[in-house]
Each structure stands twice: as C-alpha cells, then as structure tokens.
Amino acid sequence: MQTAETAYSNPAQLLVRLLLAAVALVCGYFALTTLAPIVKMTVAAVLLTYVLDPMVVVMESRGMGRVQATSVVFVALGLVSALLLALIVPAVADEVRSLQAGLNNVHANDLMGRADAYVQEKLWFLGGEGIDLQGLWHRFVVDKINRLFGFVLNAVSLVTYLSVVPFAVYFMLADGRAFKRRFVSLVPNRYFEFTLNMLHKMDLLLGSYLRGLFIESLIIGSLSLIALWALGVRYYVVLGILVGVTNIIPYLGPLAGGLFAMLVALITTGDSTFTFYVGVSQAIVQIIDNVAIKPLLFSKLMHMHPLTVLLVVLVGGEYFGVFGMLLSVPATAILKALALETFKNFRRYFRPPGPDSVLIKPATGA
Amino acid sequence: MDSIWGNIFRDRKKQTDPVAALLVDVPLFEGLTSRELARVKEFLHRREYAAGEVVFNQGVSGFGMYIVESGSVRILDENSGNVLAELGAGEFFGELALLSKTPRSAAAIASVPTKLLGFFHSDLTSLIGHDPKMGAKIAMKLAEVLGERLINTNQRLCMTICPDTAEAENADG
C-alpha cells in the first residue's frame, strides 16, 4: 500500500507515471491500427453484446442463471438468423449484384458524360477540363461500391465474422460481469469507487446509445424500404437496408443514404421527377426520425451540442473509419463524463492529505 | 456402503459459504433465500485494506456501502478527528450512498488489516433489473435500516438539545 506521504508527493515519480501513461496510450494506438481487423471484430462483438444484453437480463429476471439465459438468447437468435439467411440474404445478394451492374449502365454513363460536358462548359473557372466525372464515377462504382458490398459477397470474410463474432459475443454476455469484476479487482483501493462509478456510467451511456441506435436503424430502414417499395424503386430492399445502416452515423449518414437512393433512382430510370419523389420520401422518413423516434429513444442522453456531434463524427471517421463515426459520439460523452468526474474529485483522488490530517496519523486502538 | 451413507447424510453446514453466512446477518439482506444470497454474492466486490489505509474520505461522493468481512474499520470525522464508531466483522457502513451519491458524512479507515465486501448503487440497480422481486426486498430493508438510524439520531439529538423533555418522554414510555 502506498502511504499518503509518498503518493504523488514526489514530482519525479509523478512525471514518470505520466510518461508511462503517455507511452501506454501511444502503444495502444499503434496496436489498434496494426491489429485493425481483430479490433473491428472485437468492437462488433462488444456492440452486439450491448444490444443483446437486455434480452439476457429479461431471461435472468425469470429465474435463469446467466449462462442458461445467454444460451437461450443465442439459440433464439440462431433460429432467426438461419431464417433470414435462408429467405432474405440470397435475394439481397442478387439485388446487390444487379445494382452494381445497374450503376455502370448506359444511363449512368450518359448522365456522367452530360455532367462532365456541363462542368467543362459552364464551370470552366473551376478548372473543369481537369475533372473527369465519368472516370471518377467508374472508379467509385468499381472501387467503393465493390468494397461496400464485397464484404457481403465475400464468403471467406463472412465465415470469419460469423464464427468469431458470435463466439466472442456469447462469452462476453455470459462472463461479462465476471470480466468487469476481475478488472475492477485490479484497481488500487484509492481509485476503486471512482473506477466502478465510471464503468457504470460508461455502461449506461454506451449501452443506451447503441441499443437506441439499433432500434432507430431498424425503424428507419423499414420505413425507407416501405417508402421506396411504394414508389416502385428498383433495388428497394438493398436501398432500404443501406438507409437503415447509414442512419447510425449522425447527420452525415442519413444524408448519404438518401442521396444514394436518389442517385440510384436517377441512374436506373433517368427520370428527374421520379428522383425528386424519392428524395421527398427520404426527407419525410428523416422528419419522422427527428420528430418522433430520436426524442423517444435518446432524449438528452448525450448532452452534446449538434455541432460538437458533427465535429466528433468527422474526426472519428478520419482516424477510425466507419466504426470511428459510429462510436465517436458515445466515446466523447464518456470522456466528457470522465473528465468532469475527475475534476470534481481531483483534490481527493490526486492530492494526498496534509501532514496534520487525522488520516495520516489515525488513533491507534485495540 | 459406509461412504455412500456418509455422503447422503454428510453435514451440509460444513459446506456453508462464509460470505453467505456473513450476509445472512446483515439487516439489508434479511429474509433473502439462499439462492437470492448467492445472486447478491455475484455483485459484491471484495477489497483488502492494510492497517491505516483509507477506505473513503469525508466529503467525497459515495457510491455504495461496505460490509466488514474481517478486521476492523474506524469511522471518524476528519475535521475534528473524533472517532464516531469502530466496526467489526459482520457490521456495515456507508449504506446511504446506495440511494444517492451524497458526499460521505465521515471518513472510514481500516484500523487493522481488513477485508471488506463492497455493494454499490450500480450493483443494486443491476440487481433490481435482473431480479426485481429480490431488488425490491433489499430496497425495502434499506429503507427500514435508514429509518431506524434516523429515529436513533433524532432521539440522540433530542437528548442533547432538550434533555429534560427527552427524559420525561423516556419515563412515560
């Protein structure tokens, strides 16, 4: 046990600790970037754990043990997944392939060619001759969309994810509480309550945010799918799923999803009026989301200004890609809570009591 | 045959978990079944403190209570240095923090090498979610314990402020 006299009373020792902490952070960052695929699978497993945890808790409240409850939830999830795989995935995969071909068709080439000519003629001051929109579009379709949908169609990646992630999720659900207790048991007594409180706040923030996001994406994806189906848009299933998935990224996601749906409508039909209706339908879905769904699910969960949210999403995306954009908001909220809690209790946790304090010289007793 | 007979009628008391035996005597967990006590045990945090080590400081936000498993804890007022209580095995302190994160009204220091079992607000909240019936039992007992302490404190205050009235009431009672 470190006595109050030695704890942080030596500036050199404090400096060494700070340096070690900085080195640990840098090593952690390099480890994250080097082991990115494993980190992504771990993050995916953690996200799924947060989403499935309430179902396990419901089973536990019925009198089941944690392991039994986790097993029941997994069996149920397995049956639902098998049903989805058998019924929906083949149709979606076909639609994806068709969409890829559709985006590279005569309509698309014609549209890009006309856009190229317009830019070079009317917007010559932007250096239009150097912009090859047709080439950019081909690269976008071939490169970006291949990567976006390639994962679904790539059997090897899919099998890896489907075997590793559920395995990790099962044990995180069954033994998560034990892991947390084990981690907390390693924290020194001086910071024990503080750590426990912060872990609890993190759990609440992250769990509520991710579960809310999952439910919101399901609702928005379904609404979008129905709207596109009603309008008679081709590939409405894939587009509906895409709108639901991109909705998890604050502000930028819904915009990207809606614009992509409009682009697909324009390229596959060449009808600008129809494209406008598709845009209106996506706008209505977003209005429903912001007016009815978000307030219900999130309320004032994050306590962050919308501009702050946008900035952290951009920074998260810049450094950590899609996962960064997804997790940047709750991560920032957690860091903010951590900073506030540390500042509030700074004097107690980071400064030792004075030499006359009764805590230094407690009365001896039998 | 002797070994089978011995196994069937073995003394099950010898296999009682010491922590569960400790929890039975804590008023907060009074009335819980052995299954429920086993569930509570999953949420406890065992901590070890050296002699003179601070458990928590006065004025710091509190997050939960502690049960003394072994050793001794001194509760004292940091400002005056007065020792308010000395708690031994089976006793508990800090239970007000289970309800709200109010600043600790006193400091707690281990007098001798001590083992404590921590039970925190977040754990009580989780327990209520996992087992609402048991969570309600614990919450009711917590309310009873705090109510009794409030009554005792009022009586002691009354003795200090108006000893004559207090003595008269005690004589009537």
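Proteins get letters first, then strands, A, B, ... in listed order; numbering begins at 1 in each. Worth knowing before you read on, the calculation uses all heavy atoms, side chains too, and leaves out hydrogens, waters and symmetry mates.
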Might you point out which heavy atoms bring A:E193 and B:F120 nearest each other, and give the distance in Å? CG-CE2, 3.7 Å
Quick one: does A:H200's side chain get under 4.5 Å of B:F63's, heavy atoms only? no
Drop me the distance from B:S61's OG to A:N197's CG, to the nearest 0.5 angstrom. 8.0 Å
Which of the residues B:R35, B:H45, B:K133 is involved in the greatest number of heavy-atom pairs with chain A at under 4.5 angstrom? B:H45
Determine whether more than 12 heavy atoms belonging to other residues, nucleotides or ligands lie under 6.0 Å from atom CZ of B:F43. yes
Let me know if B:E48 has heavy atoms under 4.5 Å from chain A in its side chain, its backbone, both or neither. backbone
Contact part of A:K180 toward chain B, heavy-atom cut-off under 4.5 Å: side chain, backbone, both or neither? neither
Sequence neighbours excluded, which residues qualify as side-chain hydrogen bond (donor to acceptor under 3.5 Å, both in side chains) partners of B:R39? none
What distance do A:L204 atom CG and B:T125 atom OG1 have between them, rounded to the nearest 0.5 Å? 8.0 Å
Surrounding NZ of B:K115 (heavy atoms of other residues, nucleotides or ligands, distance under 6.0 Å), is the total greater than 12? no
Exercise: identify the closest heavy-atom pair between A:S61 and B:G129: CB-O, 3.9 Å
According to side-chain hydrogen bond (donor to acceptor under 3.5 Å, both in side chains), who are the partners of A:E60, at least two apart in sequence or on a separate chain? A:R66, A:R177, B:H130
